[in-house]
Number of protein chains: 4
Amino acid sequence: MPRPRSDDKRAAIMAAATRIIAAQGLGAATAAIAKEAGVSNGSLFTYFDTKADLLNQLYLELKGEMGAAALGGLRATDERAQMLHMWSRWMDWATANPQKRRTLAQLQVSDQITASTHESASHAMTGIGGILERSRANGPMRDAPAALVFTLCNALAEATIDYIIGDPDHADAHKQAGFDALWRMIG
Amino acid sequence: MPRPRSDDKRAAIMAAATRIIAAQGLGAATAAIAKEAGVSNGSLFTYFDTKADLLNQLYLELKGEMGAAALGGLRATDERAQMLHMWSRWMDWATANPQKRRTLAQLQVSDQITASTHESASHAMTGIGGILERSRANGPMRDAPAALVFTLCNALAEATIDYIIGDPDHADAHKQAGFDALWRMIG
Amino acid sequence: MPRPRSDDKRAAIMAAATRIIAAQGLGAATAAIAKEAGVSNGSLFTYFDTKADLLNQLYLELKGEMGAAALGGLRATDERAQMLHMWSRWMDWATANPQKRRTLAQLQVSDQITASTHESASHAMTGIGGILERSRANGPMRDAPAALVFTLCNALAEATIDYIIGDPDHADAHKQAGFDALWRMIG
Amino acid sequence: MPRPRSDDKRAAIMAAATRIIAAQGLGAATAAIAKEAGVSNGSLFTYFDTKADLLNQLYLELKGEMGAAALGGLRATDERAQMLHMWSRWMDWATANPQKRRTLAQLQVSDQITASTHESASHAMTGIGGILERSRANGPMRDAPAALVFTLCNALAEATIDYIIGDPDHADAHKQAGFDALWRMIG
DNA sequence: AATGAATGAGGCTTCATTCAT
DNA sequence: AATGAATGAAGCCTCATTCAT
C-alpha cells in the first residue's frame with residue numbers, strides 16, 4: 001500500500017479516533033471512527049492497514065504530543081524549577097485535553113499495542129527522563145534503577161491528573177500537592 | 001430438589017475468566033471462558049446474567065481478595081511497621097498472582113465496570129485506607145484530601161508491582177525502594 | 001411418560017400459557033409459561049412432551065371451550081332464533097375472554113398445530129355446524145359445499161369479534177350488524 | 001463510486017423471504033433467507049436494519065401487490081360488475097401466488113408488524129374500500145360503520161381464498177359462491 | 001484514491017429439553 | 001413427581017476487512 005497523499009485525512013481519522021475511543025472505548029467500530037472523520041468506511045484502510053495499526057499510531061502520536069507539551073517552554077534553571085515547570089505543563093495538557101488523555105489511558109493498557117510501539121513511545125519521554133535523572137541525582141533515589149523511578153513518577157502524575165479531572169475546581173492545589181509529593185520522593 | 005447451584009462451578013468460571021482475560025484481554029469470548037471452566041456455553045449464564053455481570057463480579061472478587069491479602073496478619077505496631085507490612089503483603093500477592101493482577105488491571109480501566117461496582121470495590125480498600133490515614137496524620141500530606149493521598153499511594157503500589165513483575169529477580173529491592181519512596185511522600 | 005396426577009397443575013399451565021401467549025406471542029419461552037403457572041421449568045415437560053404438544057392441546061381446549069360456550073343454553077326454537085342465540089353467545093364469550101381469543105387466533109395460524117389437531121378441533125364445532133346446516137337448508141347457499149359455508153360463517157364471526165374488541169362501546173350494535181349480514185348471506 | 005446498492009438484491013431478499021417464510025413460518029432464520037437469496041449472511045443487514053424491519057417491509061410490499069392486483073384493469077361499469085371484477089382478480093392473485101398469500105397471512109397476525117406499518121398497509125386497500133363504499137351505498141349495510149363492512153368483506157375474501165386453495169379444482173365455482181354471498185350481504 | 005456495499009466469521013444470549021437430586 | 005441446573009444448538013446481529021465501481 002503506497003503512502004496516501006492527504007495528511008489532512010489521516011489527521012482527521014486520528015482525531016476522530018481519539019474522540020470516539022474516549023467516548024466508546026477501544027471496542028469502537030472502525031466504521032464509527034471513519035464516519036466521525038467524515039471519511040468513508042473503506043478509506044480508513046488506505047491510511048491504516050489494520051485497526052491495530054491505527055491504534056498503535058494513535059498511541060504514538062498522543063504520547064508524543066503529551067511529551068512535547070510537558071517539555072515546551074523549558075528554560076535553563078535549577079532542577080526543581082524545571083521539574084515543576086514540566087509537571088505543571090503536563091497537568092495542564094491533560095486537563096485541557098481530557099479526551100486525548102482518556103484515550104491514551106485506554107491505549108496504554110491495551111494488548112493491541114505492540115511491545116515495539118511501547119518502546120518507541122518511551123522515546124517521547126526521553127526529555128522528561130533527562131530532567132528526572134538530574135532531579136534525582138542527589139536525592140534519596142539516586143541509586144534506584146532509572147526505570148523504576150520513572151515508572152513511579154509517571155504513576156504519580158497519572159494519579160494526580162485523574163484526581164484533578166475528578167475535582168477540577170481545585171486543580172492548582174492538587175497540582176501542587178502532587179508535585180510536592182513527587183519532590184519529597186525523589187528530590 | 002434439583003441439583004443445587006454449585007459454588008464450585010461459579011468459582012471455576014471466575015478462575016477461568018481470570019486466566020483467559022489475563023491471556024486474551026477483556027475481549028475474550030464467553031465461550032472461551034466457559035470451556036476453560038469445563039462448563040457448557042449456556043451454563044455460564046445461569047451463574048452470571050451477562051458478560052458484563054461476570055466482569056463486575058470478578059472485579060469485586062479480585063479487588064476484595066487483594067485488599068484482604070494486604071491486610072492479613074496485621075499486628076498492632078507503629079504506623080510505619082504496619083504500613084510496611086501491608087505494602088509487603090500487597091506486593092507479594094501481586095507477584096504471586098500475576099494473572100489475577102493483570103486481569104484486575106484490565107477491569108480497573110474497563111468501561112464495563114459500573115460506577116456502583118467501583119464504589120463497592122472501594123470498600124474493600126477501607127482497611128488499607130485506615131492505615132494510610134494514620135500513617136500520614138503527622139506527615140507532610142496531613143492536610144491533603146484523603147482521596148488524593150489514597151490515589152497517589154495506590155499508583156505507587158501499582159507502579160512498583162509492574163516494575164517488580166518486569167524484573168522479578170530483584171523483587172525485594174524494588175519492593176523496598178517503592179516503600180521508601182512512599183514513606184518519604186507521606187510519612 | 002405416565003399420565004401425571006395433578007390435573008390442577010395441568011390446568012394451571014394451560015391457563016398460564018393462554019395469558020403469556022396472549023401477551024408475548026407464540027415465541028414465548030416455556031420457562032415463562034412455567035413461571036406464570038407457578039410450576040418449575042422442568043415440570044412443564046412432565047405434563048406436555050413438547051412445546052408443540054402443549055400448543056396443540058391448548059388449541060384443542062380453547063376451541064372446545066369456545067364451541068361449548070356458543071352452544072350453551074340452546075333451546076328448541078326456529079333456526080333463526082337458534083342461530084342468533086349461538087352467535088350472541090359466541091360474541092359474548094370472545095369479548096369476555098380476550099386473552100383466550102387472542103391466543104386462539106395465534107394458534108389457528110401457527111404451523112405448530114398439526115393437521116390432525118385441526119381435524120379434532122373441528123369436531124368441537126360440530127354442534128355449530130348442525131345449526132348452520134339447518135339454517136341454510138332453505139336459503140341461497142343450500143347447494144354450496146358445507147365446508148365453504150362454514151368457513152365463511154366462521155370468518156364473519158371472527159371479523160365481527162375483532163371489530164367489537166376494537167370498539168367495545170357499541171358491542172351490541174356490531175353484534176347485531178354482523179348477525180344480520182350473516183343471515184342475509186345464508187338464511 | 002462504490003458498487004451501488006442493488007435493487008435486484010433487495011428484491012431477491014424479499015422474494016427469498018416470501019418463499020422461506022411460506023415454508024417455515026416467521027421463525028425462519030435470517031441466515032436461511034440470505035442463503036435462499038444468494039446473498040451473504042451480513043448483506044441482508046445492509047438492506048434491512050433488522051429482521052423485524054424486513055418483515056414490515058415485506059408486509060407492505062405484499063399487501064400493496066395484492067391491492068394493486070385486485071384493482072388492475074378496472075373499468076367504469078356499475079358497482080356490482082366492478083365489485084365482481086375486483087373480487088375475481090383478488091382470488092386469482094391469491095391462487096396464483098400461494099406463497100405470497102401464505103406469508104402475507106402470517107405477517108398479518110404477527111406482533112412484529114408495527115401499528116404504523118398496519119396503517120400504511122391499509123392505504124393499499126383504499127381503492128378497494130372505495131368500490132366497497134359505492135357498492136353498499138344502497139344496500140342493507142348502508143348505515144353500518146365502514147370499517148366493519150370492510151372487515152367483514154375482507155374476512156369473506158380470505159375465507160374464500162383459503163377454501164379455494166384447499167380445493168383448487170372447483171376454484172371458479174367457489175369464487176362465484178363467495179361473491180354471491182358477499183353481494184347478498186352488502187349489495 | 002475514494003466509496004460504501006459485500007463478506008462471513010464470530011460474539012452474546014436465549015431456549016427447548018434433559019438430568020441429577 | 002418435582003425441581004431447577006445443565007446442555008448446546010441456533011439465532012440475530014456486529015464488524016474488520018476486501019472488492020467492485
Side-chain angles (χ1 to χ4, degrees), chain A residues 1-6 9 27-35 38-55 112, chain B residues 1-6 9-10 27-35 37-54, chain C residues 1-6 9 27-35 38-55 112, chain D residues 1-6 9-10 27-35 37-54:
Chain A
M1 224 157 289
R3 178 73 44 84
R5 59 158 156 257
S6 164
K9 221 161 264 189
T30 52
I33 294 169
K35 189 176 180 185
V39 167
S40 84
N41 203 339
S43 262
L44 189 149
F45 289 91
T46 80
Y47 289 90
F48 305 94
D49 284 346
T50 244
K51 187 185 185 181
D53 182 32
L54 164 59
L55 260 28
Q112 308 244 47
Chain B
M1 253 146 291
R3 200 174 338 188
R5 204 183 284 190
S6 147
K9 214 159 277 185
R10 206 193 100 101
T30 52
I33 295 171
K35 189 174 181 185
V39 166
S40 89
N41 210 327
S43 259
L44 188 150
F45 290 93
T46 81
Y47 288 90
F48 305 93
D49 284 344
T50 252
K51 188 186 183 182
D53 183 34
L54 165 58
Chain C
M1 223 158 287
R3 178 76 44 81
R5 59 156 158 256
S6 164
K9 221 161 264 187
T30 52
I33 294 171
K35 189 177 181 184
V39 167
S40 84
N41 203 338
S43 262
L44 189 149
F45 289 91
T46 82
Y47 288 90
F48 305 93
D49 284 347
T50 245
K51 188 185 186 182
D53 182 31
L54 164 58
L55 260 27
Q112 307 245 47
Chain D
M1 251 149 293
R3 197 174 341 185
R5 204 183 285 193
S6 147
K9 214 160 274 187
R10 206 194 98 102
T30 53
I33 295 171
K35 190 176 180 184
V39 167
S40 88
N41 209 327
S43 260
L44 189 149
F45 291 94
T46 82
Y47 288 90
F48 306 94
D49 285 344
T50 253
K51 188 186 183 181
D53 183 33
L54 164 59

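It should be emphasised that the depicted structure is a prediction, and the values quoted were computed from it without experimental measurement. So that the names make sense, note that chain A is the first sequence line, chain B the second, and so on, each numbered from 1.
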- Message: Checking C:F45 against C:T30 for the side-chain contact (heavy atoms from CB on, under 4.5 Å) test, could you report, in this order, the C-alpha distance in whole Å, the side-chain angles of both residues, the deciding distance, and whether it holds?
- Response: CA-CA 9 Å; C:F45 289 91; C:T30 52; 4.1 Å; yes
- Task: Mind checking the CG-NZ spacing from C:N41 to C:K35? Nearest 0.5 Å is all I need.
- Result: 11.0 Å
- What integer distance in Å separates B:R10:CZ from F:dA6:C1'? 18 Å
- Query: Should D:T30 be listed as having a side-chain N or O under 4.0 Å from OP1 or OP2 of F:dC12?
  - Reply: yes
- Query: A:F45 CZ to F:dA20 P: how many Å, rounded?
  - Reply: 17 Å
- Task: Scan every strand shown for a Watson-Crick or G-U wobble partner of F:dC12, both distances under 3.5 Å, and answer none if you come up empty.
- Result: E:dG11
- Just call it for D:Y47: base, sugar-phosphate, or nothing, with non-hydrogen atoms closer than 4.0 Å on any strand. sugar-phosphate
- Gap between atoms CG and P, on A:L55 and F:dA16 respectively (whole Å): 10 Å
- Message: Tell me whether the side-chain N/O atoms of C:K9 come closer than 4.0 Å to OP1 or OP2 in F:dA2.
- Response: yes
- Message: Expressed as a whole number of angstroms, how long is the span from C:I33:CD1 to E:dC15:C1'?
- Response: 12 Å
- Query: Between E:dG4 atom P and D:R5 atom CZ, what is the distance in whole Å?
  - Reply: 11 Å
- Whole angstrom is fine here: how far is it from CZ in C:F48 over to P in E:dC15? 20 Å
Nucleotides 8-10 of chain E: which of its N/O atoms have a protein N/O under 3.5 Å away?
| from | atom 1 | to | atom 2 | distance (Å) |
| --- | --- | --- | --- | --- |
| E:dG8 | N7 | D:G42 | N | 3.2 |

- Item | Identity of whatever pairs with E:dA20 - Watson-Crick or G-U, under 3.5 angstrom | F:dT3
- Note on the structure: On DNA chain E, more 5' by nearest nucleotide between B:D49 and D:L44 is D:L44
- Query: Counting N and O atoms only, with roles assigned by atom type, does the side chain of B:S6 sit under 3.5 Å from a partner on the main chain of B:K9, one being a donor and the other an acceptor?
  - Reply: yes
- Query: F:dT14 P sits how many Å from D:K51 NZ, rounded?
  - Reply: 15 Å
- Query: With sugar-phosphate meaning primed atoms plus P, OP1 and OP2, does C:A28 contact a base, only sugar-phosphate, or nothing at under 4.0 Å between heavy atoms?
  - Reply: sugar-phosphate
- Task: Measure the CG-CZ distance between C:L54 and C:F48 for me, rounded to the nearest 0.5 Å.
- Result: 5.0 Å
- Message: Tell me the closest heavy-atom pair linking A:A28 and A:K51, and the distance in Å.
- Response: O-NZ, 2.8 Å
- Item | Whole angstrom value for the distance that separates C1' of E:dT17 from CG of C:L54 | 14 Å
- Query: Between B:R3 and F:dA6, is there a side-chain N or O to OP1/OP2 distance below 4.0 Å?
  - Reply: no
- Message: Quick one: does any side-chain atom of B:Y47 pair with a main-chain N or O of B:R5 as donor and acceptor, under 3.5 Å?
- Response: no
- Respond yes when some side-chain nitrogen or oxygen of C:T46 is under 4.0 Å from OP1 or OP2 of F:dA2, and no when none is. yes
- Query: So what does C:T50 hit on the nucleic acid, given a heavy-atom distance under 4.0 Å: a base, only sugar-phosphate, or nothing?
  - Reply: sugar-phosphate
- Message: Please check: side-chain N/O of A:S40 versus main-chain N/O of A:S43, any donor-acceptor pairing under 3.5 Å?
- Response: yes
- Note on the structure: Heavy-atom nearest pair, C:I33 first then C:L44, reads CG2-CD1, 4.1 Å
